[in-house]
Amino acid sequence: MPLGAAQAQAKEVRIAHVYSKSGPLEAYGKQTHTGLMMGLEYATGGTMTVAGKKLVVIEKDDQGKPDVGKSRLAAAYEDDRADLAVGPTSSSVALALLPVAEEMGKLLIVEPAVADSITGEKWNPFIFRTGRNSSQDAIASAVALDKAGTTIATLAQDYAFGRDGVKAFREALKTAKLVHEEYLPTTTTDFTAGAQRLIDKLKGQPGRKVIYILWAGAGNPFKIADLDLKRHGIEIATGGNILPAMTAYKQFPGMEGAAYYYFGMPKNPVNEWLVANHYKQFQAPPDMFHAGGMSAGIAIVEALKKTGGDARTAKLQAAMKGMKFMTPKGEMFFRPQDHQAMQSMFHFRIKVDPAFEWGVPELVREIKPSEMNVPIRNGK
């Protein structure tokens with residue numbers, strides 16, 4: 001590197017964002033990127049500098065493909081000289097990125113990929129995750145649904161996100177009975193056959209009967225409601241989702257579940273800033289992945305403040321281990337054992353309000369990190 005370029009770089013911290021700018025999870029990816037930029041802006045007071053160093057963000061489109069993501073992250077670390085990276089959107093892509101971070105000895109802040117294995121058996125010390133994991137989703141959902149006399153069947157996508165999510169949900173259930181797990185391809189558009197198997201397993205069961213849906217991206221599994229589940233006394237439950245997907249929730253008033261984020265739930269100054277500034281820029285409320293991206297941005301800035309702007313990996317690792325930081329969801333902290341951000345989740349009940357195009361998740365209560373016994377799965 002020429003001397004001038006090296007000196008210029010010494011005055012910068014280079015952050016690569018590897019995400020689904022295109023592909024099946026594009027909507028999630030774009031929200032995360034907007035949120036990341038807002039988080040950096042918020043945490044630096046609008047200066048986009050920390051300790052005199054300019055923050056430079058390099059965008060990389062992984063297209064939702066593990067092999068593409070792998071080469072983009074390697075190029076970001078090597079060719080673009082990124083000090084650290086954020087991403088990706090898909091759990092399958094994330095699992096391909098983890099060894100790249102380890103080989104290059106550079107940090108990867110995982111946001112928003114969810115699979116437990118990312119901070120579980122596939123984890124390495126260069127991985128920190130601001131996003132929630134499958135266990136946090138599942139344990140929070142179990143808090144909402146795990147009641148005596150309840151029989152549950154699950155409907156999920158047949159890849160890391162779906163399988164890890166259902167495994168964690170199954171482990172979190174203490175009193176309800178899980179009688180069937182239905183896995184369908186991520187490309188499914190016709191849910192009839194899967195729904196019929198779910199109905200057959202549930203229809204003869206006593207007490208409350210629930211189909212718990214765990215789905216991300218394309219396809220509308222809520223179409224199974226058209227198969228007259230009410231006739232068999234079967235209800236649907238699910239987690240939170242992005243606002244466009246929650247238009248489907250309007251047909252399920254009273255439906256309960258647990259959300260990662262909904263703009264009306266957390267009451268704190270960071271969320272107030274996010275809501276106000278997102279409305280100002282986009283004339284719409286922030287969504288689930290905006291909050292995640294913002295959390296990642298804040299974590300980076302807080303770590304750099306602790307290191308005095310030093311972006312060397314060992315310095316950042318030391319700063320981030322056990323670090324507490326405020327986010328739109330409230331306080332998070334990186335658990336030292338696996339660098340998973342411990343965070344609140346939100347038990348909701350759906351209300352139909354004509355002012356909103358989506359089913360509005362009303363807060364039943366905040367589920368604090370101390371209430372969720374999230375397993376440490378990395379064997380460390």
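Positions are given from 1, in the same order as the sequence printed here.
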Between [X] and [Y], what is the ring plane arrangement, given parallel below 30°, perpendicular above 60°, and tilted in between?
X: F128; Y: F334; answer: perpendicular
X: F161; Y: Y159; answer: tilted
X: F252; Y: F222; answer: tilted
X: F282; Y: H290; answer: parallel
X: Y19; Y: H33; answer: parallel

Joint cluster assignment, I242 & I350, ILVMFWY side-chain distance < 4.5 Å: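 Same cluster.
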M323, V86: one ILVMFWY side-chain cluster at the under-4.5 Å cut-off?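 Same hydrophobic cluster.
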Can you name the residues that form a salt bridge (charged side-chain N to carboxylate O under 4.0 Å, His left out) with [X], not counting sequence neighbours?
X: D228; result: R231
X: E59; result: K21
X: D226; result: none
X: D353; result: none

From CA spacing to verdict: salt bridge (Lys or Arg N to Asp or Glu O under 4.0 Å), E12, K54: CA-CA 5 Å; E12 294 177 347; K54 189 173 186 296; 5.9 Å; no
All side-chain contact (heavy atoms from CB on, under 4.5 Å) counterparts of [X], not counting sequence neighbours:
X: V210; result: T150, I152, R208, E235, A237
X: H232; result: I199, K203, I234
X: K250; result: V352
X: S20; result: L25, D62, T89

With heavy-atom distances below 4.5 Å as the criterion, would you say the side chains of V114 and R132 are in contact?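 Yes. Closest side-chain heavy atoms under 4.5 Å.
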Should we count NZ of K368 as having more than 12 external heavy atoms under 6.0 Å?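 Atom NZ in K368 is not crowded, with 12 or fewer foreign heavy atoms closer than 6.0 Å.
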Got a sec: does the CD of E371 have more than 12 other heavy atoms crowding it under 6.0 Å?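 Count over threshold, so yes.
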Listing, residues 70-79 side-chain donor-acceptor contacts under 3.5 Å, not counting sequence neighbours, or none:
{"from": "S71", "atom 1": "OG", "to": "V68", "atom 2": "O", "distance (Å)": "3.0"}
{"from": "R72", "atom 1": "NH1", "to": "D61", "atom 2": "O", "distance (Å)": "2.5"}
{"from": "Y77", "atom 1": "OH", "to": "L107", "atom 2": "O", "distance (Å)": "2.9"}

Take M345 and Y260 through the side chain to side chain contact (heavy atoms under 4.5 Å, CB included) test and state the conclusion after the steps. CA-CA 5 Å; M345 301 289 278; Y260 164 78; 4.3 Å; yes
Tell me, which pairs form a salt bridge (charged side-chain N to carboxylate O under 4.0 Å, His left out) where one or both residues lie in residues 112-127, sequence neighbours left out?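 Qualifying pairs: D116-R377.
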Residue pairs fulfilling salt bridge (charged side-chain N to carboxylate O under 4.0 Å, His left out) with at least one residue in residues 289-300, sequence neighbours excluded: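 Residue pairs with at least one partner in residues 289-300: there are none.
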For residues F346 and Y262, establish whether the separation of their ring centroids is below 6.0 Å.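 No - the distance between ring centres of F346 and Y262 does not fall below the 6.0 Å cut-off.
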Check step by step if side chain to side chain contact (heavy atoms under 4.5 Å, CB included) holds for Y42 and N277. CA-CA 10 Å; Y42 172 83; N277 282 273; over 6 Å; no
Listing request: all side chain to side chain donor-acceptor pair (under 3.5 Å) pairs with a residue in residues 294-307, at least two apart in sequence or in separate chains.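 Of all non-adjacent pairs touching residues 294-307, those that pass side chain to side chain donor-acceptor pair (under 3.5 Å) are E302-K305.
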Residues [X], [Y]: salt bridge by 4.0 Å N-O rule:
X: D83; Y: K106; value: no
X: D67; Y: K65; value: no
X: E181; Y: R170; value: yes

Which is it for T119 and H339 under the side chain to side chain contact (heavy atoms under 4.5 Å, CB included) test, yes or no, and what are the steps along the way? CA-CA 7 Å; T119 40; H339 305 171; 5.6 Å; no
Set out, in order, the CA-CA distance, both residues' side-chain angles and the distance that settles side chain to side chain contact (heavy atoms under 4.5 Å, CB included) for N271 and Y261, then state yes or no. CA-CA 10 Å; N271 192 47; Y261 173 84; 2.5 Å; yes
Nearest 0.5 Å, please: how far is CD1 in I127 from CD1 in I118?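 The CD1 atom of I118 sits 9.0 Å away from the CD1 atom of I127.
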